[in-house]
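Just so it is clear: chains get the letters A, B, ... in the order the sequence lines come, proteins before strands, and each one is counted from 1.
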Amino acid sequence: TDTQQLLRGRRCILLLSWEERYTDGSKWRFLEHKGPVFAPPYEPLPDKVKFYYDGKAMKLSAPAEEVATFFAKMLEHEYTTKDIFRKNFFKDWRKEMTSEEKSKITDLNKCNFSEMSEYFKAQSEARKQMSKEEKLKIKEENEKTLQEYGFCIMDNHKERIGNFRIEPPGLFRGRGDHPKMGMLKRRIRPEDIIINCSKDSKHPKPPPGSKWKEVRHDNKVTWLVSWTENIQGSIKYIMLNPSSRIKGEKDWQKYETARRLKKCVDRIRSQYRDDWKSKEMRIRQRAVALYFIDKLALRAGNEKEEGETADTVGCCSLRVEHIKLYPKIDEQEYVVEFDFLGKDSIRYYNKIPVEKRVFKNLQLFLENKQPEDDLFDRLNTSILNKHLQELMDGLTAKVFRTYNASITLQQQLKELTCPDDSIPAKILSYNRANRAVAILCNHQRAPPKTFEKSMQTLQTKIDEKQNQLSTARKQLKSAKADHKASHDDKSKKAVEVKRKAVQRIEEQLMKLQVQATDREENKQIALGTSKLNYLDPRISVAWCKKWDVSIEKIYNKTQREKFAWAIDMAEEDYEF
DNA sequence: CCCTTAACTTAGCACGGATTTA
DNA sequence: TAAATCCGTGCTAAGTTAAGGG
């Protein structure tokens, strides 16, 4: 299979582990690639598609028109009705207008983009209606681009590149309540691009008539291409695909660090419990924060610049307004209620009892503070990580998330897997173990738009199957009666046929029921993130081997490529 | 030490092709 | 065969962390 093929190439390299590979911090010796694929140039609208200002048709200059089309394409979305979005958009749009346009177009509310919007809708409809041949042609062209730009040579291997296309221009849409939503994300030109490759490689050529910003040869980093984005001023990179050696080794290393934490986590826990009693406030805060990070799998929580991003927090940046303390509630003592927006503005809500000492400390931290004050005013991620580094080499806040996620999966798999279960039932157990981790890490998703409906159709199927089953059972019964009466070969065969049918239908029914349970439990939970980023894949591989579940049931093709190192490495007795 | 920035990981969602169902 | 649904994939935003400079 493809996975095995990949492995044969990989095995020898993996055996030379990351530790012994390069001691000088260099990431590669040779790197050759073709550079990025740029966004297609803007194609002006046909003349018949009109933009109206204040009810009157108006022909826009190409730059202004392009930005207008970005807005028109988003018209269906709720956020084009938001004040901040509209304000930011309009401000940036005006920058692209000619002075004449600028003097005319002064109010976004008087702009009518609906013809543009209709035009794009029709276009996407037409794309769907394309003939097989046309679609095939496009597919082939994409494949050609992939073959040409989608791979590079790193050291002695041809590797897949992750994102070889430059992000096209458009309107920035941050997550949550982002102050910059609607701003214009400008087009990236070759002059914005820094190329990284080895000196002795064939350098990528800039498009005719253009130049790269810079070509450098830095083998201390893994990226091939970078540019600076204009919304936050941050750098974007083109890097290798997760299946690449360089990413795989890093991933492996991450899980090895988490396993080292496993060995000393008891010591660290007893230390932070001691620190709850420290006479120094900063140490108490550090210890309580670490307890949250460990127990609740919270993120570190860097400070963020106000007005630059959505207002979200992690552990160290929690504010007074994000927690409530209940000395006693619902039969439980010392309950803390968390309610805040975390990464991607996903809400974290949890109400949990904590140890008395933690509770008392929290009360102390809250004294004389306003809701918008920091809960841990003597702590930040840098202080915390420096402390962690002293406790264990390579230990940082996020290692706790990896460790707790992986150890939870392993534990849950042990607890939930029943040896006698059928394969679908075992997979349900696996998904439930995965789900426990996703809940711990607060990996949520919006319930699919068609969730209720799809549950209903599944239920209908189950009902039908149940009817089928009772019919089949009746038929089996009467076949048995026939056989009893006649004792001939023909009726004996009929009994067997009916028995088989009942068995088959029972299996189908069970599968459907398992599917329904799985889907229902998964309504608002996203399993993918933990599977891809937090769970040591060797745990899953070992589980599959142990219970004779084929790996394809757990990992799809992409995931198998990413985790090739683990599939190759882990035996059924692997322990995280 | 504090602040900034570079580099890299982690994150949810939209989209569209594949698969299933009517 | 078309419509409905599922599922993988690409996209790119949003985190974490280490390092460097004043």
Side-chain angles (χ1 to χ4, degrees), chain A residues 25 27 74 76-77 124 127-130 135-136 138-139 142 146 150 162-168 170 172-176 178 180-181 185 194 196 218 220-223 226 228-229 231-242 246-247 250-251 253-254 293 299-305 308-310 312-317 341-346 380-386 388-389 394-402 405 438 441-446 448-451 453-455 457-458 460-461 515 519 524-534 555-559:
Chain A
K27 308 285 171 69
M74 293 175 139
E76 305 277 282
H77 277 103
S124 87
R127 226 172 300 130
K128 273 183 219 156
Q129 299 301 325
M130 274 187 313
K135 282 184 178 168
L136 189 68
I138 292 175
K139 204 174 168 185
N142 282 338
L146 172 68
N163 54 326
F164 55 88
R165 286 173 204 277
I166 300 280
E167 296 171 20
F172 175 79
R173 170 62 191 146
R175 320 258 167 95
H178 198 115
K180 299 197 171 185
M181 64 169 83
K185 213 171 93 164
I194 302 174
N196 192 32
D218 181 358
K220 299 279 192 287
V221 297
T222 67
W223 53 267
S226 77
T228 302
E229 151 274 344
I231 303 289
Q232 324 271 357
S234 66
I235 307 169
K236 300 252 179 169
Y237 303 93
I238 291 182
M239 291 183 188
L240 295 194
N241 186 274
I246 209 155
K247 294 287 184 189
K250 199 77 190 297
D251 210 34
Q253 192 180 143
K254 173 180 79 184
I293 284 171
R299 296 188 184 83
N302 285 302
E303 293 121 297
K304 303 169 79 189
E305 211 176 329
E308 289 294 300
T309 60
T312 63
V313 298
C315 185
C316 294
S317 51
L341 298 182
K343 181 176 179 179
D344 293 320
S345 293
I346 297 289
N380 60 40
T381 54
S382 161
I383 295 171
L384 180 66
N385 279 333
K386 265 179 203 128
L388 292 176
Q389 191 57 239
L395 186 61
T396 63
K398 82 188 185 85
V399 179
F400 280 88
R401 250 167 104 81
T402 311
C441 295
N442 200 42
H443 292 141
Q444 297 189 26
R445 62 165 182 175
K449 286 184 188 81
T450 54
F451 184 82
K453 209 171 127 218
S454 94
M455 276 317 280
T457 45
L458 191 52
T460 316
K461 264 200 219 164
Q515 200 187 345
R519 194 180 295 176
Q524 304 197 61
I525 313 278
L527 299 185
T529 303
S530 50
K531 203 178 206 174
L532 236 46
N533 300 302
Y534 288 103
Y555 292 138
N556 67 30
K557 185 162 169 280
T558 316
Q559 293 165 337

Just call it for Lys386(A): base, sugar-phosphate, or nothing, with non-hydrogen atoms closer than 4.0 Å on any strand. nothing

Side chains of Thr312(A) and Lys304(A) only: does a donor on one sit below 3.5 Å from an acceptor on the other? yes

Return the set of residues passing side chain to side chain donor-acceptor pair (under 3.5 Å) with Thr222(A) (not counting sequence neighbours), or none when no residue passes. none

What's the CG-P distance between Asn241(A) and dC8(B), to the nearest Å? 16 Å

Nearest heavy atoms of Leu341(A) and Ser345(A), plus distance in Å: CD2-O, 3.7 Å

Rounded distance in Å - CE (Met74(A)) to P (dA14(B)): 11 Å

Partners of Lys180(A) by salt bridge (charged side-chain N to carboxylate O under 4.0 Å, His left out), sequence neighbours excluded? Glu308(A)

Tell me: CG of Leu384(A) to C1' of dT17(C), nearest whole Å? 12 Å

Given side chains that start at C-beta, do those of Leu395(A) and Phe400(A) come closer than 4.5 Å, heavy atoms only? yes

Please report the interatomic distance CD1(Ile293(A)) to CG(Leu384(A)), rounded to the nearest 0.5 Å. 5.0 Å

Residue met sooner reading DNA chain B from 5', once Val221(A) and Cys441(A) are mapped to nucleotides: Val221(A)

Contacts of Lys254(A) that satisfy salt bridge (charged side-chain N to carboxylate O under 4.0 Å, His left out) - sequence neighbours left out: Asp251(A)

Any Thr529(A) side-chain N or O less than 4.0 Å from OP1/OP2 of dG12(B): yes

Could you tell me how far apart Ile346(A) (CD1) and dG12(B) (P) are, to the nearest whole angstrom? 5 Å

Test of understanding: with salt bridge (charged side-chain N to carboxylate O under 4.0 Å, His left out), list the residues that count as partners of Lys236(A), not counting sequence neighbours. Glu167(A)

For Glu76(A), all residues meeting salt bridge (charged side-chain N to carboxylate O under 4.0 Å, His left out), sequence neighbours excluded: Lys121(A)

In Å, rounded to the nearest 0.5 Å, how long is the span from CZ of Arg401(A) to CG of Asn442(A)? 8.0 Å

Dot-bracket for DNA chain C: what is it, with Watson-Crick or G-U pairs under 3.5 Å, [ ] where a pair crosses earlier ones, and | for a pair to another strand? ||||||||||||||||||||||

dC8(B) phosphate, OP1 or OP2, under 4.0 Å from Lys27(A) side-chain N/O: yes

Just jot down the side chain to side chain donor-acceptor pair (under 3.5 Å) partners of Lys386(A), sequence neighbours excluded, or say none. Ser382(A)

Report, as a single string ordered 5' to 3', how protein heavy atoms within less than 4.0 Å touch nucleotides 11-16 of chain C: B base, S sugar-phosphate only, - not at all. SBSBSB

Between CZ of Arg401(A) and C1' of dT10(B) the distance, given in whole Å, is 8 Å

Indicate, with a heavy-atom threshold strictly under 4.0 Å, whether Leu532(A) touches base, sugar-phosphate, or nothing. nothing

Restricting both atoms to N or O, compile the protein contacts to nucleotides 16-21 of chain B shorter than 3.5 Å, with distance only.
from    : atom 1 : to        : atom 2 : distance (Å)
dT21(B) : OP1    : Lys461(A) : NZ     : 2.8

Suppose we screen for ring pair (Phe, Tyr, Trp, His ring centres under 6.0 Å). Which residues come up paired with Phe164(A), at least two apart in sequence or across chains? none

Is there a side-chain contact between Ile346(A) and Arg175(A) in this structure, where contact means two heavy atoms from C-beta onward sitting under 4.5 Å apart? no

Gap between atoms NZ and C1', on Lys531(A) and dT9(C) respectively (whole Å): 15 Å

With nearest nucleotides of DNA chain B determined for Ser234(A) and Asn380(A) from heavy-atom distances, which residue corresponds to the more 5′ nucleotide? Asn380(A)

Restricting to nitrogen or oxygen on both sides, can you table the protein-nucleotides 2-4 of chain C pairs closer than 3.5 Å?
none

Taking dC8(B), dT9(B), dT9(C) as options, the one with an atom nearest any side-chain atom of Thr558(A) is dT9(C)

How many Å lie between CD1 on Ile235(A) and P on dA19(C), as a whole number? 17 Å

Considering residues at least two apart in sequence or located in another chain, which fulfil the side chain to side chain donor-acceptor pair (under 3.5 Å) criterion with Asn302(A)? Thr381(A)

Heavy-atom count check: over 12 atoms from other residues, nucleotides or ligands less than 6.0 Å from Lys220(A) NZ? yes

Can you check the Glu308(A) CD to dT5(B) P distance for me, whole Å? 11 Å

